[in-house]
Amino acid sequence: MRTGEFFAPTLRQVSGDVEMASHRLLLRGGFMRQLAAGIYCLLPLGWRVVHNIEEIVREEMDAAGAQELFLPTLHPVELWEKTGRTESWGPELMRIRDRNDRAFCLGGTHEEVITQLVASGVRSYRELPFTLYQIQVKFRDEIRPRGGMVRAREFGMKDAYSFDRDLAGLDRSYDAMVEGYHRIMQRIGLPYHVADSSGEGIGGWDTREFVSLSEAGETAYVRCEGCDYHATPEVGEISTSEIVPSDDPMQPLERVETPDQRTIEQVTAFLGVPAQRLVKTLIYKADGRVVAALVRGDRDLSEDKLKAALGADELVMGDPATIERVSGAPVGFAGPVGIKEAEIVADEELRGERNFVTGGNEADLHLRNVNWGRDFPEPRWAQIRNAEPGDPCAKCGKPLTEYHGIELGHVFKLGTKYSDPLEARYLDEDGERKPIIMGCYGFGTTRVMAAVAEYFRDDAGIIWPRSVAPFDAIVITISQDDEVQRTLAERVYAELRAAGLDVLLEDRDERPGVKFKDADLIGVPGQIVVGRLAGEGKVEVRRRGGESTTVDADEAVAALQKLMADNVPAGFRPPE
RNA sequence: CGGGGCGUAGCGCAGCUUGGCAGCGCGCCUGCCUUGGGCGCAGGAGGUCGCCGGUUCGAAUCCGGCCGCCCCGACCA
């Protein structure tokens with residue numbers, strides 16, 4: 001391909017509004033253009049990168065035994081109603097209507113469609129197990145898209161679904177997918193971690209995320225340096241062995257007027273008490289019954305952990321009416337003392353706390369020197385708070401640290417969450433009809449492009465790993481007017497292509513600086529410069545972000561292949 | 001959804017406070033010059049100032065409404 005006819009409009013400047021480095025570089029390099037908030041055109045360069053990522057994913061999915069298919073983007077809304085996800089997804093589900101006013105949505109994921117499909121095609125245990133996948137566009141009406149392809153409303157994703165007879169089969173299918181994901185990440189070359197996480201909008205257990213490290217990443221994770229345990233804060237396990245009962249004497253219970261002081265910040269400021277001396281009371285409904293969850297004022301409640309502790313299928317925040325009913329006070333003053341109707345679940349950490357401040361279950365009232373066992377019955381204890389940096393690791397006791405990352409892959413065991421409501425069943429050898437056991441496995445292909453650009457870059461532009469690079473190499477003439485250079489460049493270009501490389505020939509009549517800047521910006525791994533040494537038959541061979549050498553034109557192909565033997569330039573360090 | 005900011009030439013921006021010829025840089029076109037890191041000189045094209053309405057002799061500028069985009073925050077009692 002010749003640059004003169006290749007559609008890759010690079011930009012010298014992009015709006016100051018665009019903050020994330022990968023976003024800026026992908027726009028500047030002509031990989032993508034925005035059409036609307038969170039919606040992007042992939043230009044030839046960007047599409048080549050995504051295509052390369054897709055090919056790696058496709059090969060590894062096939063190698064793991066999965067079969068590719070292609071499902072519709074338009075889904076009848078009734079199908080989503082059957083699984084209750086029109087409710088749980090709410091406005092994130094993109095909805096449209098057809099000419100007959102029939103309600104459809106644009107697929108944000110495909111559990112419903114594929115489960116219904118499989119339900120209609122599987123009769124017997126003899127037909128199981130199998131795993132299906134597709135590489136498709138997904139639509140999610142995100143509250144706030146950001147970072148270009150990091151969080152878009154329309155994005156590319158590979159989604160796979162496994163169908164098994166039983167849990168043991170699911171474990172095998174799941175392990176095969178996890179293994180495939182490791183191979184995909186290794187082939188792409190992006191450093192990554194695997195973190196325990198929660199089911200979010202999909203639902204399930206043994207959920208893990210494949211995460212690319214990035215300070216610009218929008219998701220926080222905790223990690224144990226001691227045993228390399230990684231998790232999202234919502235599920236990260238904290239050791240409780242350090243909790244010791246306080247031997248502070250219990251002080252007499254005190255009522256304090258706190259007019260209009262509802263939030264933790266307000267109450268700490270008003271009473272002059274640090275947040276860790278407060279206990280906040282959060283009212284939830286778990287499968288319909290009311291629960292009061294207690295955590296220390298400076299902690300975050302983990303709905304995932306609370307849900308697990310209660311063994312609940314559904315957990316939602318209490319609505320204001322419920323809160324007022326059980327607490328007898330407007331929202332903002334709930335507390336455990338004298339609360340009605342609600343089961344009290346307290347974070348284990350509170351075992352070690354005495355004389356804390358809670359809401360008073362009366363308007364404008366808080367209580368000081370509250371103690372469990374005396375002022376309210378000993379609650380049910382469970383770990384229901386988010387892990388934070390500094391918390392001891394549950395596995396080895398070392399303090400957890402925090403980092404940010406970009407979630408690229410997410411694997412779940414679903415069980416019968418979708419096969420039950422959609423009646424995807426098979427007849428087992430004992431003659432019994434049983435629900436198919438499912439797993440699902442997502443991988444964000446367009447997001448990977450952004451994550452790679454975020455990690456592999458320098459001040460001049462992107463430094464693509466060979467595995468996903470839009471081209472293998474670019475041949476640049478210093479002076480396009482110089483016939484010797486032009487001829488030699490054409491020869492090297494032809495030889496590189498004959499060697500099976502995907503090559504750009506920079507044949508524009510631009511000044512050298514412009515060509516170099518553009519070549520660095522788009523980040524093609526191999527650069528061959530045909531310049532003043534062309535008369536001697538010599539060219540310069542460079543690795544973007546790496547080493548360079550001057551060789552005889554005859555040796556250019558071999559020299560380039562040697563410089564590009566590694567997927568990523570040796571000694572590469574990410575910025576910052 | 002709450003808060004903040006922005007919308008002016010293909011791109012990046014100034015002008016708006018104090019109403020009076022629509023500007024700058026880059027890019028683009030033509031010519032000359034130049035050719036190892038976003039050259040130089042000369043000439044030129046290119047605008048419904050986001051949209052609708054109002055005030056005014058006169059609106060990019062003031063007022064109202066709408067649309068779009070960006071950033072921050074969001075069940076924490």
Side-chain angles (χ1 to χ4, degrees), chain A residues 9-20 23-24 27-28 30 33-39 90-91 141 143-148 218 258 260-268 275 278-285 292-303 306 315-320 322-324 326-327 329-336 339 342 347 357-366 384-386 459-461 476-482 485-486 506 508-521 527 529-534 539-540 542 548 550:
Chain A
T10 56
L11 297 170
R12 297 202 177 189
Q13 308 179 73
V14 292
S15 165
D17 284 346
V18 180
E19 289 183 347
M20 198 180 275
H23 191 190
R24 293 187 76 85
L27 290 173
R28 287 226 293 133
R33 283 286 167 92
Q34 183 176 36
L35 179 65
I39 302 174
D141 198 354
I143 295 174
R144 188 153 79 80
R146 74 182 92 191
E218 53 176 1
T258 49
D260 253 357
Q261 309 297 307
R262 295 158 191 269
T263 66
I264 292 293
E265 291 74 31
Q266 289 167 344
V267 175
T268 53
L278 269 57
V279 168
K280 55 188 171 190
T281 305
L282 295 91
I283 308 297
Y284 276 89
K285 275 190 172 172
L294 305 188
V295 292
R296 222 171 73 179
D298 57 333
R299 303 299 195 187
D300 289 323
L301 179 107
S302 161
E303 293 188 356
L306 178 60
L315 183 76
V316 291
M317 294 275 329
D319 53 281
T322 304
I323 294 170
E324 285 172 25
V326 302
S327 70
V331 172
F333 300 96
I339 195 154
D347 186 68
V357 174
T358 72
N361 289 332
E362 253 179 61
D364 302 334
L365 184 77
H366 278 76
I384 57 171
R385 70 176 178 92
N386 282 357
D459 291 340
I476 302 168
T477 53
I478 293 299
S479 172
Q480 191 61 21
D481 286 345
D482 182 320
Q485 290 185 22
R486 218 167 51 224
E506 174 56 277
R508 292 178 300 172
D509 187 19
E510 289 284 355
R511 293 186 54 85
V514 173
K515 301 188 200 180
F516 286 139
K517 291 286 185 191
D518 274 350
D520 287 350
L521 180 61
Q527 299 180 348
V529 182
V530 182
R532 66 167 74 94
L533 296 174
V539 298
E540 190 178 343
R542 307 166 163 183
S548 66
T550 300

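- The NZ atom of A:Lys515 sits 14 Å away from the P atom of B:G38 (whole-angstrom rounding).
- Here the side chain of A:Val514 is nearest to one of B:C76, B:C69, B:C39, namely B:C39.
- Comparing the P positions of B:C62 and B:G19 gives a spacing of 9 Å, expressed to the nearest Å.
- At a threshold of 4.0 angstrom between heavy atoms, the contacts of A:Pro91 with the nucleic acid are absent.
- The two atoms that bring A:Ser15 and A:Arg24 nearest to each other are O-NH1, 3.3 Å, heavy atoms only.
- Across A:His366 and A:Phe333, no two heavy atoms sit closer than the pair CE1-CD2, 3.6 Å.
- Applying the side chain to side chain contact (heavy atoms under 4.5 Å, CB included) test to A:Ile39 and every residue at least two apart in sequence or in another chain returns A:Leu35, A:Ala36, A:Arg153, A:Glu154.
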* Structure fact -> In 5'-to-3' order, the base (B), backbone-only (S) or no-contact (-) status of each nucleotide in nucleotides 5-14 of chain B, using a 4.0 angstrom heavy-atom cut-off, is ------SSS-
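- Partner assigned to B:U34 is none, using Watson-Crick or G-U wobble distances below 3.5 angstrom.
- In this structure, B:G68 forms a base pair with B:C6, meeting either the Watson-Crick or the G-U wobble geometry with both donor-acceptor distances under 3.5 Å.
- Residue A:Ala36 is in sugar-phosphate contact alone, with no base atom involved, counting any heavy-atom pair closer than 4.0 Å across all strands shown.
- Across the strands present, B:C28 finds its partner in B:G44; the criterion is a Watson-Crick or G-U wobble pair with both atom distances under 3.5 angstrom.
- Within the nucleic acid shown, A:Arg28 comes within 4.0 Å of at least one base atom, counting heavy atoms only.
- B:C76 atom P lies 10 Å from atom CD of A:Gln266, rounded to whole Å.
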* Please lay out, stage by stage, how A:Asp520 and A:Gln527 fare under the test side-chain contact (heavy atoms from CB on, under 4.5 Å). => CA-CA 9 Å; A:Asp520 287 350; A:Gln527 299 180 348; 2.9 Å; yes
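- Side chains of A:Thr358 and A:Leu294 form no contact here, defined as non-hydrogen atoms less than 4.5 Å apart.
- Checked against A:Thr477 for a side-chain hydrogen bond (donor to acceptor under 3.5 Å, both in side chains), the options A:Glu510, A:Lys515, A:Glu506 give a single hit: A:Lys515.
- Taking atom CG of A:Leu521 as the reference point, atom C1' of B:G37 lies 13 Å away to the nearest angstrom.
- Rounded to the nearest Å, the gap between the P atom of B:A59 and that of B:C49 is 12 Å.
- Residue A:Asp518 is classed as a base contact, given a heavy-atom separation below 4.0 Å to a base.
- Taken from OG1 in A:Thr281 to CG in A:Asn361, the straight-line distance is 7.5 Å, to the nearest 0.5 Å.
- Spacing of P atoms, B:U56 relative to B:G15, comes out at 28 Å, to the nearest Å.
- Toward the 5′ end of RNA chain B lies the nearest nucleotide of A:Leu533, the other residue of the pair A:Met317 and A:Leu533 mapping further downstream.
- Shortest non-hydrogen contact noted between A:Leu521 and A:Arg28 is CD2-O, 3.4 Å.
- Across all strands shown, B:A22 forms no Watson-Crick or G-U wobble pair with both distances under 3.5 Å.
- For A:Arg144 and B:C71, the CZ to C1' distance is 6 Å, given to the nearest whole Å.
- Each of A:Thr10 and A:Gly147 has a nearest nucleotide on RNA chain B; the 5'-most of these lies closest to A:Thr10.
- As rounded to whole Å, 16 Å separates atom P of B:U35 from atom CZ of A:Arg486.
- Nearest to the side chain of A:Pro512, among B:G73, B:U35, B:G38, sits B:U35.
- Rounded to an integer number of Å, the gap from CD of A:Glu540 to C1' of B:G37 is 12 Å.
- Of the P atoms belonging to B:G5 and B:A9, the separation is 22 Å, rounded to the nearest Å.
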Could you pull out the protein-nucleic contacts involving nucleotides 32-34 of chain B (nitrogen or oxygen on both sides, under 3.5 Å)?
| residue | atom | partner | partner atom | Å |
| --- | --- | --- | --- | --- |
| B:U34 | O2 | A:Arg511 | NH1 | 2.7 |

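- Comparing B:A22 with B:U30, their P atoms are spaced 29 Å from each other, to the whole Å.
- In this structure, A:Thr263 reaches the sugar-phosphate backbone alone: every heavy-atom distance under 4.0 Å involves primed, P, OP1 or OP2 atoms, never a base.
- Nearest nucleotide to the A:Phe516 side chain, out of B:G36, B:U35, B:A74: B:G36.
- Taking a pair to require two hydrogen-bonding distances under 3.5 Å in either a Watson-Crick or a G-U wobble arrangement, B:G73 pairs with B:C1.
- Here A:Gly531 lies in heavy-atom contact (under 4.0 Å) with a base.
- Here, B:A45 and B:C29 have their C1' atoms 7 Å apart, quoted to the whole Å.
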* To do: Apply side-chain contact (heavy atoms from CB on, under 4.5 Å) to the pair A:Asp347 and A:Arg299, showing each step before the final yes or no.
  => CA-CA 10 Å; A:Asp347 186 68; A:Arg299 303 299 195 187; 5.8 Å; no
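- Using a 4.5 Å heavy-atom threshold, the side chains of A:Lys517 and A:Arg12 count as separate.
- One atom, NZ of A:Lys280, and another, P of B:C76, lie 9 Å apart when rounded to the nearest Å.
- Set against B:C69, B:C71, B:G37, the side chain of A:Lys517 has B:G37 as its closest nucleotide.
- Among the nucleotides B:C71, B:G37, B:C76, the one closest to the side chain of A:Arg542 is B:G37.
- When the P atom is compared between B:G10 and B:G47, the two are found 8 Å apart, to the nearest whole Å.
- Comparing the same atom, C1', in B:C63 and in B:G73 gives a spacing of 30 Å after rounding to whole Å.
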* How far apart are the C-alpha atoms of A:Gln485 and A:Ile478, what are their side-chain angles, what is the distance that settles it, and do they pass the side-chain contact (heavy atoms from CB on, under 4.5 Å) test? -> CA-CA 8 Å; A:Gln485 290 185 22; A:Ile478 293 299; 3.7 Å; yes
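- Considering only side-chain N and O atoms, A:Gln34 lies under 4.0 angstrom from the phosphate OP1 or OP2 of B:C70.
- Atom-to-atom distance recorded for A:Gln261:CD and A:Asp364:CG is 8.5 Å, nearest 0.5 angstrom.
- Contact of A:Glu510 with B:G38 (side chain to base): no donor-acceptor pair of N or O atoms is detected under 3.5 Å.
- Distance OG1/A:Thr10 to CG/A:Asp518: 3.5 Å, rounded to 0.5 Å.
- Checked against B:C76, B:G73, B:G36, the side chain of A:Val529 finds its nearest nucleotide in B:G36.
- Atom-to-atom, CG of A:Asp520 to C1' of B:G37 comes out at 8 Å; the value is rounded to the nearest Å.
- Remark: B:C62 base-pairs with B:G54. Criterion, Watson-Crick or G-U wobble with two distances under 3.5 Å.
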